[in-house]
Amino acid sequence: MSMRTLPLLFLNLGGEMLYILDQRLRAQNIPGDKARRVLHDIISTMFNKNFIEELFKPQELYSKKALRTIYDRLAHASIMRLNQASMDKLYDLMTMALKYQVLLCPRPKDVLLVTFNHLDAIKGFIRDNPALVHLVDETSQQLIEAYGGLSAGEFQLIRQTLLTFFQDLHIRVSIFLKDKVQNSNGRFVLPVSGPVPWETEVPGLIRMFDHKGKEVKRTEFRHGGNYIAALKEGSFELYGDRVLKLGTNMYSANRPVETHTSGASKNLASQSQQSIAPNPLAKEELNFLAKLMGGMEIRKPSGPEPGFRLNLFTTDEEEEQAALTRPEELPHEVVNIQATQDQQRNQELARIMGEFEVTDQPRWSASKGDDLLAMMDEL
Amino acid sequence: MGEPEQDSRTPVCMPGAHLPNCDAEQRASARLDGTLPERWKEPRGKTCPEREECCFPEEGGGAQAEGLGGDLDKGKEQIKGVKASKQLGAKGKKVAKKMPGEWRSRTSTEGHSCRSHWAKLRMEAMELRSTSPSRRQASFEAAWISARAHCPRSRFRQESGPCYLGPGEMPQRQAMRSQKRRKDLRVEESRGALRMFRRERSIPLRGSAAALCNNLSVLQLPVHNLTHFGVVHGPSAQLVSAAPEGVPLAQRQLHAKERAGVSLPLITQVHWCVLPFRILLVLTSHRGIQMYESDGSVMVYWHALNSGDASPVQAVFARGIASSGHFICVGTWSGRVLVFDVPAKGPNIVLSEELAGHLTSVTDIASEHAQEQDCIADMVTADDSGLLCVWRSGPEFKLLTRIPGFGAPCTSVQLWQGIVAAGYGNGQLRLYEASTGTLHAQINAHARAICALDLAPMVGKLLSAAEDTFVHIWKLNRNLKNGCIEVEHCHGECVPDTQVCGARFCDPSGSSLAVTGYDLAEILRFSSV
């Protein structure tokens with residue numbers, strides 16, 4: 001479909017991931033400096049210049065599996081560790097939240113406002129680091145340049161592409177169920193009241209004209225909804241009032257968030273079609289993935305500081321339970337990138353994996369202590 | 001219609017209207033604010049049946065009827081008086097007469113006192129063996145409306161409001177005592193409580209419908225008593241044949257022809273093209289155009305899209321399908337419209353022309369058979385910028401008019417008797433004169449983008465469906481005196497929590513329609529009551 005969708009999808013899903021991680025870090029009482037370190041690392045990896053440059057190149061949307069790989073890597077970009085069940089839950093929450101936001105956007109262009117909301121919130125997480133804030137600002141600037149001039153028809157195509165990506169996902173999220181924005185069958189509630197989108201009139205008026213263009217008759221009809229006129233348009237600048245509430249952090253009120261995966265609601269037929277993608281396509285996809293992730297600089301965690309494990313469930317037992325009861329058809333094995341005998345594996349990927357072993361890239365360290373320790377290790 | 005016949009199922013009646021000696025004052029008290037709307041005094045088109053008793057035959061008629069409009073005390077008195085005279089046996093029971101068609105309610109109130117009547121209604125509604133909760137809800141709502149209409153008890157009394165609803169009317173707000181009833185009514189109204197359409201049995205699909213515009217195509221085959229439906233799922237399209245009652249008979253899946261690429265190619269539209277001597281099924285995708293026999297069994301033609309001069313940012317696809325005479329016209333991403341010449345038989349289809357008129361991607365094409373008039377505009381193409389091009393078909397297509405847009409993409413377009421009906425991405429519906437391009441009507445029809453339009457050409461009905469979950473039906477006609485185009489709203493229907501992506505009439509008279517929604521793995525069917 002549209003070739004411009006990947007940046008919007010990636011940035012919004014990344015934003016949602018950060019909201020969830022931030023909420024879990026607070027809920028599990030991870031010490032403040034560790035939590036901050038995790039968020040900083042993930043954000044700096046996400047907004048890395050090369051990576052963003054690759055992201056904004058026109059390309060088709062990846063499959064769900066490929067995108068999942070990117071987020072797996074992103075989530076493990078720092079000292080935090082997530083096991084399979086938690087990673088699954090994280091990804092489910094992210095995708096359902098974004099599906100909700102895209103579905104409820106009043107007009108297709110508002111997906112851009114949702115993205116700006118996410119970026120504004122991300123800037124809030126890293127307020128004390130001007131270098132990172134600058135990176136995020138640059139990404140915002142690129143967004144404005146790439147999408148500011150698009151027509152309404154192109155935004156509609158982008159929205160349709162995003163909705164195609166989210167088709168057949170009906171995972172119930174407890175925070176949505178509680179707020180009554182999702183029904184118990186997993187479908188979202190589409191309200192028929194509230195303000196109409198900007199540049200849309202409140203339905204109900206019929207105006208009829210004659211040959212010369214003069215208005216001859218005006219009638220009204222009852223349209224069935226309960227709409228009011230639009231209040232004002234959100235700002236598409238670097239800073240401004242976005243007006244739209246979709247895309248803001250809904251986890252900031254500290255409530256536990258659960259997902260319920262009901263096996264019946266996952267469309268098995270479409271899933272199996274995706275997982276048995278023919279070989280040539282998989283190769284192409286890996287090529288693109290390799291190029292994209294080549295731009296991702298993953299810093300190996302420095303020696304003495306141990307990683308910690310984050311649990312997305314409320315207790316460890318729940319996590320184990322979830323791991324056991326995960327439905328079989330879920331791809332529980334993310335694409336394992338190994339530089340082994342498999343012919344499909346890309347040379348480029350092998351090179352990147354090789355790079356990860358040797359830490360000779362300049363490292364941006366959190367503190368002087370780390371730098372010293374590293375230098376000492378190399379001696 | 002003559003004298004309505006007797007029926008044991010009682011119906012709805014209008015407060016005070018059937019009382020032969022009910023004077024203006026009594027009738028006035030039937031409404032809270034003291035005025036009886038004009039239309040209640042004389043029911044539209046039909047005479048109000050003279051009735052001697054009201055809807056609670058066992059509690060004795062005429063006296064009961066007066067209690068309808070009265071106030072609390074009066075009502076209580078009536079009940080007391082009435083209970084004393086509860087002598088009507090089964091033989092002597094005068095049953096309320098059946099009301100003409102649209103006044104009939106669906107529940108029986110015979111043989112119950114008010115409170116047990118209410119309880120029985122509740123039970124009936126809950127026991128209804130309908131296949132869908134919405135059906136049950138609909139029956140319950142109808143029962144509720146009828147119960148409210150003539151229950152004399154103050155709690156349920158309806159001081160105002162007709163018991164039947166004419167076309168285009170919505171139930172009026174009533175002064176409800178209880179907050180809950182008020183809220184229910186608001187929900188009803190906001191959901192388009194005008195139930196002029198009845199939900200029929202849905203047709204299940206193997207995969208959900210994709211979020212595209214015009215994502216439903218219907219081929220009516222009255223000869224075989226079959227209807228074919230076509231819905232795009234994503235990389236595949238589904239064809240379902242169903243019997244008139246909605247029983248699915250056969251299913252088939254068609255896929256887009258693949259070429260090397262990162263992901264599976266997606267289909268943008270599926271449409272049946274009715275040509276003079278054959279019917280072809282056309283599938284447009286991100287790779288090209290595929291044409292099949294009408295049942296989807298054999299592919300007769302494949303045209304690959306030429307993406308030569310596309311910038312890498314530009315998505316390449318075909319979208320917008322219509323048949324005009326023995327031509328099939330298909331729109332493309334660049335704005336060009338490809339015209340294929342189709343022979344009466346065989347796969348010898350050739351690309352005869354490429355029409356240039358649009359600068360942005362084509363969204364939809366509509367055509368109609370040339371009438372006897374001259375200067376026939378018989379094809380309209382629409383694009384992403386809102387521009388409409390009106391063409392005359394022939395061995396060479398001629399561009400007649402261009403109708404400029406106003407910022408919103410034109411997502412769907414229809415053509416009927418020289419009237420162009422165009423639905424836009426901001427929810428507006430506009431009617432233009434095809435030959436001159438003048439705007440004749442502008443309707444603020446929907447609160448979100450319109451995604452599908454369809455016509456019932458025999459009766460001039462237009463169907464519009466949008467992402468705001470509403471489906472509206474309009475009546476178009478030409479004023480013969482001054483040639484102006486007029487439009488009026490007929491019905492509105494809400495499809496709750498469904499982002500509608502396709503809607504079509506299922507019969508030429510426009511009395512039944514089918515709707516598809518994003519992420520919904522079924523085709524919803526409605527038929528008029």
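Below, chains carry the letters A, B, ... as their sequence lines are ordered, and counting in each starts from 1. Bear in mind the structure is a predicted one, so any value in this text is a computation, not a measurement.
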Problem set entry | Least distance between heavy atoms, A/P191 atom then A/L104 atom | CD-CD2, 4.2 Å
Seminar exercise, completed: Pair count under 4.5 Å, heavy atoms only, with chain B: among A/Q156, A/Q160, A/R107, highest is A/Q160
Seminar exercise, completed: Whatever's closer than 4.5 Å to a heavy atom in chain B on A/L162 counts as neither
Exercise. Is the backbone N or O of B/R287 less than 3.5 Å from a side-chain atom of B/S285, with the two atoms forming a donor-acceptor pair by type?
Worked result: yes
For this session: Return the option, out of B/A447, B/P409, B/A315, with the maximum number of heavy-atom pairs under 4.5 Å with chain A.
Result: B/A447
Exercise. Under 3.5 Å, is there a donor-acceptor pair linking the side chains of B/N482 and A/D210?
Worked result: no
Exercise. Of the backbone (N, CA, C, O) and the side chain (C-beta and beyond), which part of B/D519 lies under 4.5 Å from a heavy atom of chain A, both, or neither?
Worked result: both
Exercise. Side-chain donor-acceptor pair under 3.5 Å between B/S464 and B/H446, yes or no?
Worked result: yes
Problem set entry | Choice from A/E199, A/R159, A/E215 maximising heavy atom contacts with chain B below 4.5 Å | A/R159
Exercise. Given that the side chain runs from C-beta out, which part of A/S2 has a heavy atom under 4.5 Å from chain B: side chain, backbone, both or neither?
Worked result: backbone
Problem set entry | Per-residue contact mode, A/K214 against chain B (heavy atom under 4.5 angstrom) | neither
Seminar exercise, completed: Answer key: most heavy-atom pairs under 4.5 Å with chain A among B/C501, B/A211, B/C213 is B/A211
Seminar exercise, completed: Max heavy-atom pairs within cutoff under 4.5 Å with chain A, candidates B/A408, B/P312, B/G234, goes to B/P312
For this session: Decide, yes or no, whether a salt bridge links B/E433 with B/R478 under the criterion of side-chain N to carboxylate O below 4.0 Å.
Result: yes
Exercise. Looking at B/L520, B/T363, B/L431, B/T268, which one has more heavy-atom pairs under 4.5 Å with chain A than the rest?
Worked result: B/L520
Exercise. Within 45° of the axis and under 6.0 Å from the centre of the six-membered ring of B/F406, does NZ or CZ of B/R430 qualify?
Worked result: yes
Exercise. What option among B/D383, B/L212, B/T436, B/T360 has the most heavy-atom pairs under 4.5 Å with chain A?
Worked result: B/L212
Exercise. Is there a donor-acceptor pair under 3.5 Å between the side chain of A/Y62 and the backbone N or O of A/L6?
Worked result: no
Problem set entry | Top of B/Q442, B/E486, B/E488, B/H472 for chain A proximity - count of heavy-atom pairs under 4.5 angstrom | B/Q442
Exercise. Could you go step by step and tell me if A/Q167 and B/S208 meet the side-chain hydrogen bond (donor to acceptor under 3.5 Å, both in side chains) rule?
Worked result: CA-CA 8 Å; A/Q167 211 169 328; B/S208 55; 3.0 Å; yes
Exercise. Chain B heavy atoms under 4.5 Å from A/R187: which part of the residue, side chain, backbone, both or neither?
Worked result: side chain
Exercise. Are A/K99 and A/D168 within salt-bridge range, i.e. N to O under 4.0 Å?
Worked result: no
Problem set entry | Atom group of A/V202 that falls short of 4.5 Å from chain B, counting heavy atoms | backbone
Problem set entry | Which portion of B/V487 sits near chain A, non-hydrogen atoms under 4.5 angstrom | both
Exercise. A/F10 and A/Y71: aromatic ring centres closer than 6.0 Å?
Worked result: yes
Exercise. By a 4.5 Å heavy-atom criterion (distance strictly below it), what part of A/Y227 contacts chain B: side chain, backbone, both, or neither?
Worked result: side chain
